[in-house]
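Because the structure is a prediction, the values reported are computed rather than measured.
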Amino acid sequence: MILSDSLVRRSRATALEPAPPAGVGFKHEHADAIAADAGYAGFLEVHAENYMGAGGMPHRLLERVRRDHELSLHGVALSIGGSQPLCREHLARFAGLVRRYEPFVVSEHLAWSTHASRYYNDLLPLPYTRATLACVCDHVDQVQSAIGRRLLLENPATYIVFEASTIGESAFLAEVARRTGCGLLLDLNNLFVSAVNHGRSALADLDAFPVEHVGQIHLAGHSVHADADDSRQLLIDSHDGVVADAVWSLFEHALRRGVRVPTLVEWDSKLPPWPVLRSQADIARDRMQRTLHAEAAHV
Amino acid sequence: MYEAAHAAAFASALLDPAASVPAGLIGHKRYDIHRNNVTVSLIDAIASIYPAVERITGTDFFRTMARLHVRATPPASPLLFDYGRDFPSFIDGYVHAQQMPWLGDVARIERAWLDAYHAADAAPVTLADLAAVDPARLFDAVLVPHPAARVVRSRYPALSIFVMNRQPATPDARLESDAAEDALVTRPAFDVMVRSLPPGGATLLAELIDGRPLGAAVAAAAADSEAFDLPANLSGMVDAGVFTHIQLREAMT
């Protein structure tokens with residue numbers, strides 16, 4: 001009986017392990033519907049900054065979510081890609097939430113939002129250079145040391161390229177992961193939006209992505225516009241609709257590349273009724289299961 | 001400190017549509033995407049804090065006013081539920097809002113509402129707790145306010161206007177008078193409560209929130225209003241969950 005190790009591992013995985021969980025972003029508008037939906041076994045993700053108040057309804061709702069579901073915590077304002085030192089007070093608040101709610105995944109963005117005591121409430125881009133690489137690694141080290149665990153860093157949706165950049169985004173992220181030990185959050189909508197906006201092949205970008213570091217996938221909807229500079233398409237990472245077919249295709253491709261991680265559907269504005277959002281997570285779960293079954297059939 | 005200094009250059013024109021786009025960007029017209037994200041998302045943040053003001057003024061008026069405020073006073077913290085504290089005074093001074101002199105006070109009630117919503121949890125004392133205190137020691141006692149408790153005083157019927165324009169709004173209601181109103185905003189459990197304070201009540205509670213003993217607060221309230229009724233005020237506030245502890249004098253030393 002000669003089976004390669006990887007085949008043995010794969011067949012065991014398909015026989016014994018369920019597909020990784022699928023989840024959705026948690027919105028208070030859906031809290032009652034989620035509580036009433038006993039069939040929903042997915043996880044929920046929250047933006048950390050929305051739960052940094054002292055008390056009241058937000059924490060009450062989050063405690064209920066945590067009691068009934070796995071939780072992932074997604075920071076949006078640590079400003080890891082900024083050029084200033086991280087705000088210690090904000091980092092302490094973030095670490096406090098990790099301790100209190102014990103999320104199974106903690107993530108942030110390769111982007112920045114604060115500079116010179118101004119908070120811009122946007123995920124702003126940075127050039128990819130040796131200097132920004134050192135700065136980002138320093139910030140990721142500080143975050144991981146404050147939370148006492150691994151952080152996942154998310155690839156951004158970008159619209160602008162810096163003339164100063166000397167490193168590709170995938171290589172930059174791979175190097176941050178190698179130097180700091182952090183994982184990566186592969187946002188396939190961001191990857192698609194960026195590829196289209198910069199005239200690249202999304203599939204080639206995905207093939208270049210260091211998938212061995214990926215600990216979570218994000219999926220989301222985007223909006224389509226005409227570029228001001230020319231007649232090409234401009235995609236905006238709007239999180240206001242269903243996941244696009246092209247992004248589902250990238251998801252299938254990532255699954256074929258062997259990525260087996262918790263997968264989340266983000267939907268942040270123009271919120272749909274709960275069943276619509278849930279059905280997006282169900283599609284993600286079904287596709288993960290189907291991939292595992294197909295692999296099992298090949299063994 | 002760091003060699004990386006990209007953020008200063010990139011941030012320089014985000015809030016100023018007249019400033020030139022930073023150098024060194026390929027696809028520099030797309031810088032407007034970020035300008036738009038920053039301004040629109042901050043206007044949205046203001047709108048989420050002040051829904052009654054938006055309902056009163058209409059969306060276009062509101063967003064024009066909020067855009068001016070956002071560009072003049074961007075947030076210093078990423079906690080957006082803390083943003084917009086200067087918006088009520090901005091409204092007071094906004095030239096196009098001068099026909100609505102009460103609008104800033106409606107905004108103050110909405111700001112207090114959100115502060116109460118996020119305030120720390122604490123169990124309020126009950127009327128039975130109050131009744132159990134030896135009356136001889138009551139005036140020396142300090143009534144510790146709930147972290148959510150706020151007082152908003154207005155020369156106008158700002159509370160009635162607030163109630164008519166918050167969800168569930170009562171748009172058909174008519175103002176009964178143009179008299180001044182004092183609002184109590186608090187959150188005994190998880191739902192924010194907004195109530196009208198009787199005469200002298202605002203002074204009484206403001207003094208108590210400042211940490212003065214009940215006797216001193218009562219004297220100030222009686223001086224403020226001849227109609228001040230201590231039992232009615234105190235039972236109303238305790239019933240609304242305004243206090244979390246009754247500290248008797250010995251307990252304070």
Side-chain angles (χ1 to χ4, degrees), chain A residues 48-50 52-61 75-79 81-85 87 89-90 93 112-127 129-136 138 158-165 197-198 225 227-229 234 236-237 269, chain B residues 1-12 14-15 21-46 70 73-83 114-122 146-148 187-192:
Chain A
E49 281 70 14
N50 292 338
M52 290 185 177
M57 191 63 91
H59 287 287
R60 185 192 198 196
L61 293 176
V76 297
L78 277 170
S79 212
S83 28
Q84 289 186 319
C87 171
E89 200 183 351
H90 194 63
R93 289 190 285 251
W112 59 280
S113 52
T114 297
H115 185 74
S117 299
R118 277 190 178 178
Y119 175 64
Y120 291 98
N121 198 33
D122 189 19
L123 294 166
L124 297 165
L126 58 149
T129 66
R130 287 175 60 187
T132 58
L133 178 63
C135 187
V136 166
D138 191 12
T158 60
Y159 312 101
I160 285 172
V161 172
F162 290 82
E163 287 171 4
S165 284
N197 287 346
H198 304 309
H225 306 260
D227 198 345
D229 273 344
L234 173 71
I236 305 276
D237 174 38
S269 61
Chain B
M1 182 160 308
Y2 292 110
E3 287 178 70
H6 53 280
F10 194 88
S12 61
L14 281 174
L15 283 161
V21 172
L25 306 179
I26 301 169
H28 72 277
K29 282 184 186 167
R30 292 180 178 178
Y31 186 77
D32 284 344
I33 297 169
H34 291 292
R35 275 177 162 152
N36 186 64
N37 284 350
V38 171
T39 300
V40 169
S41 72
L42 292 176
I43 293 171
D44 288 345
I46 295 280
V70 157
T73 315
S77 153
L79 304 188
L80 286 180
F81 56 79
D82 250 350
Y83 181 47
L114 193 63
D115 285 337
Y117 179 81
H118 285 287
D121 303 332
H146 193 285
R187 202 197 78 222
F190 291 100
D191 294 320
V192 178

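Interface remark: F81(B) contributes side-chain atoms only to the contact with chain A (heavy atom separation under 4.5 Å). Heavy atoms of L25(B) lying under 4.5 Å from chain A belong to its backbone as well as its side chain. Proximity to chain A involves both the backbone and the side chain of A8(B), based on heavy atoms less than 4.5 angstrom apart. With a threshold of 4.5 angstrom between heavy atoms, D191(B) approaches chain A through side-chain atoms but not through N, CA, C or O. If you measure heavy-atom distances from Y31(B) to chain A, the contacts under 4.5 Å come from both the backbone and the side chain. Proximity to chain A involves both the backbone and the side chain of P75(B), based on heavy atoms less than 4.5 angstrom apart.
Contact of the H28(B) side chain with the I160(A) side chain is not registered, since no non-hydrogen atoms from C-beta on lie closer than 4.5 Å. Between R30(B) and N197(A), the closest side-chain pair of non-hydrogen atoms falls below 4.5 Å. With contacts defined as side-chain heavy-atom distances shorter than 4.5 Å, the pair L79(B)/R93(A) qualifies.
Per-residue heavy-atom pair counts under 4.5 Å with chain A were compared for S77(B), P78(B), A116(B), A76(B), and the maximum is reached by P78(B). Top candidate by heavy-atom pairs under 4.5 Å with chain A, chosen from G24(B), A23(B), A119(B), is G24(B). Listed options E49(A), H225(A), M57(A), E89(A) were ranked by heavy-atom pairs under 4.5 angstrom with chain B; first place goes to M57(A). Heavy-atom pairs under 4.5 Å with chain B peak, among L124(A), L133(A), V136(A), V161(A), at V161(A). With respect to chain B, the highest number of heavy-atom pairs below 4.5 Å among S269(A), A77(A), A116(A), S117(A) belongs to S117(A). Of the residues considered (V76(A), I236(A), L123(A), L234(A)), L234(A) shows the highest number of contacts with chain B, using heavy-atom pairs under 4.5 Å.
In terms of heavy-atom proximity, Y119(A) sits nearest to L42(B) at O-CD1, 4.4 Å. Smallest separation of non-hydrogen atoms from N121(A) and S41(B): ND2-OG, 2.8 Å. Here the closest heavy-atom approach between residue A7(B) and residue W112(A) is recorded as O-CH2, 3.5 Å.
With rounding to the nearest 0.5 Å, the separation of CD1 in I33(B) from CG in D237(A) is 11.0 Å.
A cation-pi contact, defined as under 6.0 Å to the ring centre and within 45° of the axis, links R60(A) to F190(B).
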Steps toward side-chain contact (heavy atoms from CB on, under 4.5 Å) verdict (L15(B), R118(A)): CA-CA 11 Å; L15(B) 283 161; R118(A) 277 190 178 178; 3.9 Å; yes
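A donor-acceptor distance shorter than 3.5 angstrom exists from the side chain of H6(B) to the backbone of G81(A), with no hydrogens or angles considered.
By the 30° and 60° cut-offs, the orientation of the rings of F162(A) relative to F10(B) is tilted.
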